Amino acid sequence: MTDTSDTRSADSEVQAPRRSRLLRLMRYLPLIAPVLLWAVPCGVLLYTGQHWPVAVTLVGTALFVLGLVVMPLAMGRGHGRRQQDRAAIVGDTLLGASWVLFTWSVLLGVLLRLALTVAGVGESQDRARIVTWAVLGTTAVLLAWGYAEARRVPRVRRLDVRLPRLGAGLDGLRVALITDTHYGPLDRARWSERVCETVNTLEADLVCHTGDIADGTAERRRAQAVPLGTVQATQARVYVTGNHEYYSEAQGWVDLMDELGWEPLRNRHLLVERGGDTLVVAGVDDVTAESSGLAGHRANLAGALDGADPDLPVLLLAHQPKFVDRAAADGIDLQLSGHTHGGQIWPFHHLVRLDQPALAGLSRHGARTLLYTSRGTGFWGPPFRVFAPSEITLLVLRSPQPPTTP
């Protein structure tokens, strides 16, 4: 577990201006990123001393130019107004492939070439060609592995979480967490069924979904989401909206989850009772909800806790980890979040960390508040996960008091 309480306040003033500048720069990424993603590998693989035959250079260059043109067009058709699933699949796949190719063109283009030069391996052309084949081979292996990782049923990650205010009667409460399922252009109805079957093997008391159910409306992705209705819990199944719901008629998703037997915790709470002790389970809309323009949709922690006994421990569902600043200010005991995907495709996690206080796992914020950030159950966009495996999480809540023996 990472303890951030001692360092966050000391570093915040120093990091704030730097983070602000980087966030402003990121606004221009949609314009410059496609060019960099295709131009840099093209230069490294074809024009840095390889001296390929003219035909190879021309064909290779044409393929990179084709990728540069097709990727943004396909993504625009797939994720814009037209919402064409086939175009989205093509655009997303090219985006993931170009990111991996770009990353390893830079890394191997510098490090491997330097190592070969220091070792005195071959002539300049030989070293350049070795780098090219190494980049292509590494990219192919990582994309194949990353695709298999993205499409597999996630492994279950189990951990005990000690909450000092948790009563002895609730010791051992089992909380299953799924999040960021992102049902989308690739039909994953069968995958959804298998995820739900896995969740049911955990015999959870409480099952939580912390948002980003799908990319698309509830009507369009209904078949993939319907298996969520088979999830079993002894106490409750609870859900909060993520930012992607607000791209796709969020109220439709709230209504569908309600229809499937889940409790949408839209700025409200319920009580879980066992052994004479009580846990407040609260949820808030995603932080982007208010800007969506939907009436009544906004993140309202005060509303979520309205009427709850302040002496009771609180488990809070909030899609984005950065909501933890508000949670810590209110003395929340444990916040469950998703959103980050653990970066999904390495080394994208460095950009995620510019916007979020945690990437994955359990961290401490303030005097009391713990945050668990899931790497997500599904994937967004590119059907790849590289060094950021998906997960289904089982958190076993522990009380500092031993349970009473009957």
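These numbers come from a predicted model, not from an experiment.
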Just wondering, more than 12 heavy atoms not from [X] lying within 6.0 Å of its [atom1]?
{"X": "Arg151", "atom1": "CZ", "result": "yes"}
{"X": "Glu203", "atom1": "CD", "result": "no"}
{"X": "Arg152", "atom1": "CZ", "result": "yes"}
{"X": "Gln83", "atom1": "CD", "result": "yes"}
{"X": "Glu193", "atom1": "CD", "result": "yes"}
{"X": "Arg77", "atom1": "CZ", "result": "no"}

Cationic N near anionic O, under 4.0 Å, Arg174 to Asp205:
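No, Arg174 and Asp205 are not salt-bridged.
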Inspect the contact between Arg222 and Glu219 and indicate whether a charged nitrogen and a carboxylate oxygen are less than 4.0 angstrom apart.
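Looking at Glu219 and Arg222, the cut-off is not met.
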Would you say Thr201 and Val156 make side-chain contact, with heavy atoms under 4.5 Å?
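No, their side chains stay 4.5 Å or more apart.
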Would you please test Arg266 and Asp285 for salt bridge (charged side-chain N to carboxylate O under 4.0 Å, His left out) and show each step?
CA-CA 6 Å; Arg266 296 201 49 248; Asp285 292 340; 2.9 Å; yes
Centres of the Trp145 and Phe387 rings: under 6.0 Å?
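Close enough - the centres of the two rings lie under 6.0 Å apart.
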Passing candidate, ring-ring contact (aromatic ring centres under 6.0 Å, His included) with His244, options His182, His341, His339, His319
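The residue from His182, His341, His339, His319 that satisfies ring-ring contact (aromatic ring centres under 6.0 Å, His included) with His244 turns out to be His182.
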From CA spacing to verdict: salt bridge (charged side-chain N to carboxylate O under 4.0 Å, His left out), Arg221, Asp85:
CA-CA 11 Å; Arg221 306 301 182 203; Asp85 282 352; 3.0 Å; yes
